[in-house]
Amino acid sequence: MAAAKRIEIVRPDDWHLHLRDGAMLEAVLPYTAALYGRAIIMPNLAPPVRMTAEAEAYEGRIRAALPEDHPFRPLMTLYLTDTTDAADLRAGFESGAVTAVKLYPAGATTNSESGVTDTAKVASVLDAMAEIGMPLLVHGEVTDPDVDVFDREAVFIDTVLDPMRRRHPDLRVVLEHATTARAVDYVLAEKQGIAASITPHHLVINRNALFAGGLRPHMYCLPIAKREENRQALRRAATSGDGRFFLGTDSAPHPARLKETDCGCAGIFNAPNALEYTARVFEEEGALDRLEAFCSLNGPAFYRLLPNDDRIVLEKGETPESLPDSIAVPGGDSVRVFRADPVPLWRLSAGRRPVGRTA
Ligand code: NCD
Ligand code: ZN
């Protein structure tokens with residue numbers, strides 16, 4: 001059979017996205033809104049989005065950065081803290097203003113200083129979420145500096161995630177940006193109540209990419225890329241069609257100057273080409289027929305939403321689409337776009353047409 005050159009799938013969603021705010025929001029949103037039907041919007045602004053009213057205001061700023069009546073739908077999240085108000089969260093979920101809650105262990109990653117110090121402190125909030133079926137999205141890394149950075153996800157699963165799920169068996173949890181075989185095995189071993197999002201970059205790079213010929217700040221994100229055997233496990237999970245695994249790009253833009261510095265921050269910006277890299281991976285794995293499940297069907301099923309009602313077409317060209325190496329942010333900054341060779345030959349048949357007020 002000739003290799004596929006064209007594939008049509010239900011419009012995808014992005015189940016883990018950082019859009020930031022202000023000028024950065026304006027610069028990055030057009031890439032996501034051009035393609036995805038919906039995206040789960042991470043609440044780790046500075047200060048974080050903690051209350052329903054703050055999520056509504058943030059949603060308003062996102063919508064204001066889009067052309068009027070644009071169909072892209074931001075799904076808002078709240079940032080869980082030791083003092084989160086269960087009544088506010090419940091009201092936000094029931095009104096539809098808020099879709100999920102994000103748990104950052106305090107200090108685990110960018111803007112996580114006000115995260116949860118001990119999941120026992122949020123027990124009553126987790127009970128309320130279990131009761132109403134509101135998903136808890138977990139940044140799954142321990143923060144103990146004595147734990148090796150490459151082990152922090154596996155240790156989190158054993159010492160925090162699993163005990164928390166035993167205490168709250170009805171809680172619906174997404175282990176965000178899974179990076180290890182341990183995470184895949186954990187999700188597969190459980191009967192219900194847990195899923196995992198997987199990023200394109202963790203399907204494409206292993207930890208060697210961070211040190212290829214020198215130190216590579218644009219390959220640095222959290223959780224950090226792991227050994228090759230982990231990448232292989234993630235590829236098997238993503239391409240399996242199993243409904244517990246879905247696309248969350250974790251596109252996390254930072255100004256290049258804040259990554260190319262003495263203490264560079266974590267985050268890979270892949271919104272302009274995440275789907276294209278994902279298609280490349282599925283093709284390499286002989287699983288293009290399951291791309292739609294991973295990108296467009298499994299996520300809505302977990303979130304108890306309908307899939308998007310229109311479709312997109314990806315085509316494989318002879319040469320890669322020419323994408324900029326970096327994008328400009330109003331005010332003078334630039335953000336590097338994820339790139340790992342080989343650059344995918346897949347592209348949207350309509351071409352990349354970023355949509356925004358300023359695009
Ligand atoms: C994210 C960010 O920059 O906000 N960074 C990252 O490396 N993924 C935070 C996160 O999701 O951990
Ligand atoms: Zn993230």
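Both ligands and their constituent atoms are indexed starting at 1 by order of listing.
- Counting heavy-atom neighbours within 6.0 Å of Arg339 CZ, excluding the residue itself, gives a total of 12 or less.
- When all heavy atoms of Gly264 and Tyr220 are compared, the pair lying nearest together is O-CE2, 3.7 Å.
- Assignment of Lys259 to the shell around ligand 1 is not supported, since no heavy atom sits closer than 4.0 Å.
- Side chains of Glu176 and His139: no donor on one and acceptor on the other come within 3.5 Å.
- Taking backbone and side chain together, His139 holds no N, O or S atom under 2.8 Å from the Zn ion (ligand 2).
- In summary, the atoms of ligand 1 found under 4.0 Å from a heavy atom of His139, numbered by their order in the structure, are 12 (O).
- Residue contact check: Leu222 has heavy atoms under 4.0 Å from atoms 6 (C), 7 (O), 8 (N), 12 (O) of ligand 1.
- By the 30° and 60° cut-offs, the orientation of the rings of Phe302 relative to Phe246 is tilted.
- For a threshold of 3.5 Å applied to N or O pairs, the pair formed by Gly267 and ligand 1 contains at least one separation below that value.
- What sits closest to atom 10 (C) of ligand 1 on the protein, heavy atoms only, is Thr109 OG1, 3.5 Å.
- Distances from the Zn ion (ligand 2) show that His18 has an N/O/S atom below 2.8 Å.
- Given atom 5 (N) of ligand 1, the protein heavy atom at minimum distance is Ala266 O, 3.2 Å.
- Looking from atom 8 (N) of ligand 1 to the surrounding protein, the closest heavy atom is Asp250 OD2, 2.7 Å.
- Thr84 contributes no side-chain N or O that, together with a main-chain N or O of Leu80, makes up a donor-acceptor pair within less than 3.5 Å.
- Of the listed options His18, Lys102, His177, Glu141, His18 places a heavy atom closest to atom 1 (C) of ligand 1.
- Here's the thing with Tyr104: none of its N/O atoms is less than 3.5 angstrom from an N/O atom of ligand 1.
- Between the NE2 atom of His16 and the OD1 atom of Asp250, the angle taken at the Zn ion (ligand 2) works out to 90° after rounding to 10°.
- Contact annotation for Asn44 and ligand 1: only side-chain heavy atoms (C-beta onward) come within less than 4.0 Å of the ligand.
- Neither Phe294 nor Val313 shares a network with the other; the hydrophobic side chains, linked directly or stepwise wherever heavy atoms of I, L, V, M, F, W or Y lie under 4.5 Å apart, form separate groups for each.
- Judged purely by distance below 3.5 Å, without hydrogens or angles, the side chains of Asn206 and Asn230 never pair a donor atom with an acceptor atom.
- Proximity of His16 to ligand 1, defined as any heavy-atom pair under 4.0 Å, is confined to the side chain (atoms from C-beta onward).
- Ring pair Phe269/Phe338: centre-to-centre distance not below 6.0 Å.
- Not less than 6.0 angstrom separates the ring centroid of His202 from the ring centroid of His177.
- Interface atoms of ligand 1 facing Cys221, defined by a heavy-atom separation under 4.0 Å, are 7 (O).
- By the 6.0 Å contact criterion, CZ on Arg311 is enclosed, its count of non-hydrogen atoms from other residues, nucleotides or ligands being greater than 12.
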